[in-house]
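Contents: one structure, followed by commentary.
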2 protein chains.
Amino acid sequence: MTEAALESMTIGQVANAAGVGVETVRFYEREGLLAKPPRRPSGYRQYPPVAVRRIRFIKRAKDLGFTLGEIRELLALRVDPRTTCGDVRDRAEAKIADIDGKLLALQRMRAALVDLTKACSGRGPTSECPILDALDEEEDR
Amino acid sequence: MTEAALESMTIGQVANAAGVGVETVRFYEREGLLAKPPRRPSGYRQYPPVAVRRIRFIKRAKDLGFTLGEIRELLALRVDPRTTCGDVRDRAEAKIADIDGKLLALQRMRAALVDLTKACSGRGPTSECPILDALDEEEDR
DNA sequence: ATACGGTCCGTACCATACTACGGAGTCAAG
DNA sequence: CTTGACTCCGTAGTATGGTACGGACCGTAT
């Protein structure tokens, strides 16, 4: 185990350093999220250490709710000299609006479920359960 | 179009009345969410009108954030005489906890994105974008 | 020199919830 | 009795984000 991030790394080293699996690295390459690295004569991928950073970038963006498709766009924006920081901010703002929509939907679900559980004593057979009854109602909401 | 929900309905009538596609009805049957209906000699499914209700039940539960797997359990609870209303309430409460987890995650995402957009003037090239920089940082959070 | 682990590739598979397709048979209206 | 809409079935495809497999080859430590 010669640890030196100086020249080039194998796919396993990159995956390990970035905290993902080897298969995930190959998957990101196939999906165009990660540049195809040069190969050794044997066919082994040779990664520059910056590849680890790229993968961490992907992970962070994913944590912020971006899909891989959106992350691909983000990475493209970064490379394209015609785009500005405002283009990136637009993406971030769109994602915030996106999240707001999901928050609203979840809050509504939650309120409906809370209402239902409040109506349910917890005793009695399921045939008299107000929760199931509510789901079963013909005309509702 | 003889509309009479008196005896039995075809799959198309059921799907239409419930607001789903024919394929969805067959899908729910395959997935065990919908009882297999009797057939006519030709093989055509013959649905009792209550099937429409069952599908609407599924739709409402889905709207509340239950997965088809969870809905299958909910339907099983209803049929099993040993289960009580409390069992159903437990499911609902677990789903609320579930939703709370998602809400928290989304709120955190949102806050992080808002922070990033605040740091971004919108002007300048992407090479100087604080949002992309933040995603790219080696040591972070 | 050989063994063991890493890497190669293509393909298939996981879960979720459907949706589409093709070819044959059926039903009902005109 | 013909026509057009509906239904049958099994299989395959959609999108998302990976994970797993298998057989062959590579690299290095002993």
Side-chain angles (χ1 to χ4, degrees), chain A residues 1-4 7-34 36-47 51 54-55 57-75 95 98 102 105, chain B residues 1-4 7-34 36-47 51 54-55 57-75 95 98 102 105:
Chain A
M1 272 201 202
T2 314
E3 282 300 337
E7 226 8 76
S8 76
M9 308 168 74
T10 66
I11 193 171
Q13 286 166 344
V14 168
N16 213 265
V20 300
V22 166
E23 303 292 340
T24 303
V25 178
R26 303 214 305 117
F27 173 70
Y28 286 165
E29 181 181 323
R30 276 202 303 283
E31 294 296 305
L33 290 159
L34 215 47
K36 296 190 180 184
R39 304 290 188 113
R40 297 172 48 172
S42 62
Y44 278 31
R45 288 168 180 82
Q46 270 183 306
Y47 288 98
R54 195 103 322 149
I55 295 169
F57 179 107
I58 296 168
K59 285 183 79 177
R60 287 198 197 93
K62 244 163 36 86
D63 284 348
L64 289 178
F66 289 96
T67 66
L68 294 188
E70 288 162 345
I71 295 168
R72 186 168 29 231
E73 284 177 29
L74 241 29
L75 291 165
K95 186 48 67 177
D98 218 72
K102 287 181 187 167
Chain B
M1 272 200 202
T2 314
E3 284 297 336
E7 231 357 86
S8 75
M9 307 168 75
T10 66
I11 193 169
Q13 286 167 343
V14 168
N16 212 266
V20 300
V22 166
E23 302 292 340
T24 303
V25 177
R26 302 211 308 115
F27 173 71
Y28 286 166
E29 180 182 324
R30 277 202 303 283
E31 294 295 304
L33 290 160
L34 215 47
K36 297 190 179 185
R39 305 289 188 109
R40 299 175 41 174
S42 63
Y44 278 29
R45 288 168 180 80
Q46 270 184 304
Y47 289 99
R54 193 102 327 148
I55 295 169
F57 179 107
I58 295 169
K59 284 184 80 177
R60 288 198 195 94
K62 244 164 36 85
D63 284 346
L64 289 176
F66 289 95
T67 66
L68 293 188
E70 288 162 345
I71 295 168
R72 186 166 32 230
E73 285 176 30
L74 241 30
L75 291 165
K95 186 48 66 181
D98 218 71
K102 287 180 186 166

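All values below come from the heavy atoms of this structure, side chains included, with hydrogens, waters and symmetry mates left out.
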At less than 4.0 Å, is any side-chain N or O atom of Arg39(A) found next to OP1 or OP2 of dC9(C)? Yes or no. yes

Just how far, in rounded Å, is P of dA28(C) from CE of Met9(B)? 15 Å

Heavy-atom nearest nucleotide on DNA chain C taken for Gln46(A) and for Pro41(B); more 5' hit belongs to Gln46(A)

For dC6(D) and Thr10(B) - does any side-chain N or O of the residue sit under 4.0 Å from the phosphate oxygens OP1/OP2? no

Roughly how many Å is it from CG in Leu33(A) to P in dG17(D), rounded to a whole number? 9 Å

Any Arg72(B) side-chain nitrogen or oxygen under 4.0 Å from OP1 or OP2 of dA17(C): no

Atom-to-atom span, CD1 of Ile58(B) to C1' of dC18(C) - whole angstrom: 13 Å

Whole angstrom is fine here: how far is it from CD1 in Ile11(B) over to P in dT26(C)? 17 Å

Whole angstrom value for the distance that separates C1' of dT16(D) from CD of Glu31(A): 9 Å

Do you know which two heavy atoms are closest between Tyr47(B) and Arg45(B), and how far apart they sit? OH-CD, 3.1 Å

Please lay out, stage by stage, how Leu34(A) and Phe27(A) fare under the test side-chain contact (heavy atoms from CB on, under 4.5 Å). CA-CA 9 Å; Leu34(A) 215 47; Phe27(A) 173 70; over 6 Å; no

Please report the distance, rounded to the nearest Å, between CG in Leu34(B) and C1' in dC18(C). 15 Å

Is Phe66(A) close to Lys62(A) at the side-chain level, that is, under 4.5 Å between some pair of heavy atoms? no

When the distance from CD1 of Ile55(A) to C1' of dG17(D) is rounded to whole Å, what number comes out? 15 Å

Heavy-atom check, side chain of Leu75(A) versus side chain of Arg72(A), under 4.5 Å: no

Whether Arg45(A) contacts dC8(C) is assessed here as follows: a side-chain N or O lying under 4.0 Å from the phosphate OP1 or OP2. Is that the case? yes

Measuring to OP1 and OP2 of dG18(D), would you say a side-chain N or O of Lys62(A) lies under 4.0 angstrom away? yes

Kindly write out the residues that satisfy salt bridge (charged side-chain N to carboxylate O under 4.0 Å, His left out) with Glu73(B), not counting sequence neighbours, or none if the list is empty. Arg91(B)

Side-chain N or O of Ser42(B) closer than 4.0 Å to phosphate OP1/OP2 of dG25(C): no

Do Asp98(B) and Lys95(B) meet the salt-bridge criterion of a basic N to acidic O distance under 4.0 Å? yes

CA sep, side-chain torsions, deciding dist, call: Glu29(B), Lys36(B), salt bridge (Lys or Arg N to Asp or Glu O under 4.0 Å): CA-CA 6 Å; Glu29(B) 180 182 324; Lys36(B) 297 190 179 185; 5.3 Å; no

Along DNA chain D (nearest heavy atom to each residue), the more 5'-positioned of Tyr44(A) and Arg30(A): Arg30(A)

What residues 14-29 of chain B contributes to the DNA chain C interface at heavy-atom separation below 4.0 Å is Glu23(B), Thr24(B), Phe27(B), Tyr28(B)

